Amino acid sequence: VLASSEYLLREEDLDQMLDLDQIFGRTNTERTLEIGFGNGESLATMAQAAPTRDFLGVEVHRPGVGHLLLEVEKRELTNVRAANEDAVELLKHKIKDGSFDRVQIFFADPWHKKKHHKRRLVQTEFMNLLATKMSKGGILHLATDWENYAEQMMEVLSAHPDFENCYE
């Protein structure tokens, strides 16, 4: 069974700056970007629970994108779109500033070997980019199960002028 591709951003969608109102078929200020959604189960569940919110999921693992699309179809969700793309490149070149009031990065690859830490997503340069794509007052949700990565996330975000910790 193949999932419907109407919820997958196509090559022609990605040829220019994305018009999220057009892609979702409505004007909306409640938009969530999830980077690295894995198999999409949690993203589909969140979208089902919040039908007035639009969700754009970005994932490089093709089978995960396919699984999300199957869930979207099965649950008859209309508020989810998926991109099988590199999130950094998508944000740099295809997303307008201020597009999202919520961004979620759950369990990104921790690159646990010290020599690979430079590959971690949550770093100052990426946070600078992400801050421009979020609306003022937007919320960034991060989660990891690697203590060292959690410490790095706290260090990077505590020092960043555009982010404020809402929790202790």
Side-chain angles (χ1 to χ4, degrees), residues 8-9 13-14 17-18 20 23-24 28-50 52-68 71 79-168:
L8 178 65
L9 299 184
D13 297 322
L14 298 169
M17 191 67 69
L18 293 176
L20 295 176
I23 288 168
F24 284 100
N28 199 347
T29 58
E30 293 183 351
R31 291 220 166 102
T32 296
L33 170 66
E34 182 161 351
I35 298 172
F37 56 78
N39 72 8
E41 289 280 342
S42 68
L43 179 56
T45 299
M46 285 183 270
Q48 190 171 22
T52 62
R53 174 172 285 282
D54 294 334
F55 292 82
L56 175 60
V58 181
E59 175 60 62
V60 293
H61 188 61
R62 245 176 114 76
V65 174
H67 190 271
L68 171 65
E71 283 299 311
N79 60 334
V80 177
R81 300 296 181 273
N84 185 207
E85 299 290 325
D86 176 83
V88 175
E89 292 305 308
L90 189 74
L91 286 167
K92 276 184 183 177
H93 304 293
K94 305 300 178 186
I95 301 290
K96 295 176 186 168
D97 290 354
S99 291
F100 299 99
D101 72 321
R102 189 170 297 162
V103 175
Q104 301 170 168
I105 305 172
F106 298 145
F107 305 99
D109 192 332
W111 295 102
H112 53 277
K113 291 183 180 176
K114 190 160 180 81
K115 67 181 180 178
H116 295 148
H117 285 187
K118 64 183 176 274
R119 296 181 184 174
R120 288 179 171 175
L121 188 59
V122 180
Q123 297 192 47
T124 302
E125 184 179 336
F126 181 68
M127 292 298 109
N128 292 340
L129 172 64
L130 194 57
T132 66
K133 305 307 173 180
M134 295 178 69
S135 57
K136 186 151 181 67
I139 297 172
L140 171 63
H141 294 272
L142 298 174
T144 183
D145 51 2
W146 284 85
E147 185 177 1
N148 179 268
Y149 197 12
E151 290 166 354
Q152 178 186 328
M153 289 174 172
M154 285 296 294
E155 186 179 307
V156 167
L157 290 164
S158 294
H160 201 286
D162 293 323
F163 293 96
E164 177 183 323
N165 190 352
C166 299
Y167 305 98
E168 289 299 316

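This structure is a prediction, so every number in the text was calculated from the model and none was measured. Residue numbers run from 1 in the order of the sequence given.
- The minimum heavy-atom distance linking Ala47 with Asn79 is given by the pair O-ND2, 3.0 Å.
- Interatomic distance, Leu68 CG to Glu59 CD, rounded to the nearest 0.5 Å: 9.5 Å.
- For the residue pair Asn128 / His160, a side-chain donor-acceptor distance below 3.5 Å is found, with atom types taken as modelled.
- With respect to the salt-bridge test (charged N to carboxylate O, under 4.0 angstrom), the residues Asp101 and Arg31 do not qualify.
- Closest approach of Ala83 and Leu90 over heavy atoms only: CB-CD2, 4.3 Å.
- Rounding to the nearest 0.5 Å gives a distance of 5.0 Å between CZ of Phe126 and CD1 of Ile105.
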**Message:** Between Met46 and Gln104, is the side chain to side chain contact (heavy atoms under 4.5 Å, CB included) condition met? List the steps.
**Reply:** CA-CA 11 Å; Met46 285 183 270; Gln104 301 170 168; 3.4 Å; yes
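- Here Thr144 contributes atom OG1 and Leu121 contributes atom CG; the two are 11.5 Å apart, rounded to the nearest 0.5 Å.
- Among Leu20, Thr32, Asp54, the single residue meeting the side-chain contact (heavy atoms from CB on, under 4.5 Å) criterion with Phe100 is Leu20.
- To the nearest 0.5 Å, atoms CG (Leu142) and OH (Tyr149) are separated by 8.0 Å.
- Note that NE2 of His61 and CZ of Phe37 are 10.0 Å apart. Values are rounded to the nearest 0.5 Å.
- Partner of Leu157 under the side-chain contact (heavy atoms from CB on, under 4.5 Å) criterion, chosen from Glu164, Met127, Gln152: Met127.
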**Request:** Dump the intermediate steps for side chain to side chain contact (heavy atoms under 4.5 Å, CB included) on Ile35 and Leu91, then the final yes or no.
**Result:** CA-CA 10 Å; Ile35 298 172; Leu91 286 167; 4.2 Å; yes
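- Across His67 and Glu41, no two heavy atoms sit closer than the pair CE1-OE2, 2.7 Å.
- Nearest heavy atom pair, residue Val88 against residue Leu129, reads O-CD2, 3.9 Å.
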**Message:** Please determine whether side chain to side chain contact (heavy atoms under 4.5 Å, CB included) holds for the pair Arg102 and Glu30, giving the CA-CA distance in whole Å, both sets of side-chain angles, and the decisive distance to 0.1 Å.
**Reply:** CA-CA 8 Å; Arg102 189 170 297 162; Glu30 293 183 351; over 6 Å; no
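- Residue Leu43 comes nearest to Gly57 through the heavy atom pair CD2-CA, 3.8 Å, listed as atom of the first residue, atom of the second, then distance.
- Scanning all heavy atoms of the two residues, the minimum distance from Phe24 to Leu56 falls at CZ-N, 4.2 Å.
- In this structure, CD in Glu34 is found 10.5 Å from NE2 in His141, a value given to the nearest 0.5 Å.
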**Prompt:** side chain to side chain contact (heavy atoms under 4.5 Å, CB included) between Met154 and Asn165: does it pass, once the steps are laid out?
**Reply:** CA-CA 9 Å; Met154 285 296 294; Asn165 190 352; 3.4 Å; yes
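- With contacts defined as side-chain heavy-atom distances shorter than 4.5 Å, the pair Met134/Val103 qualifies.
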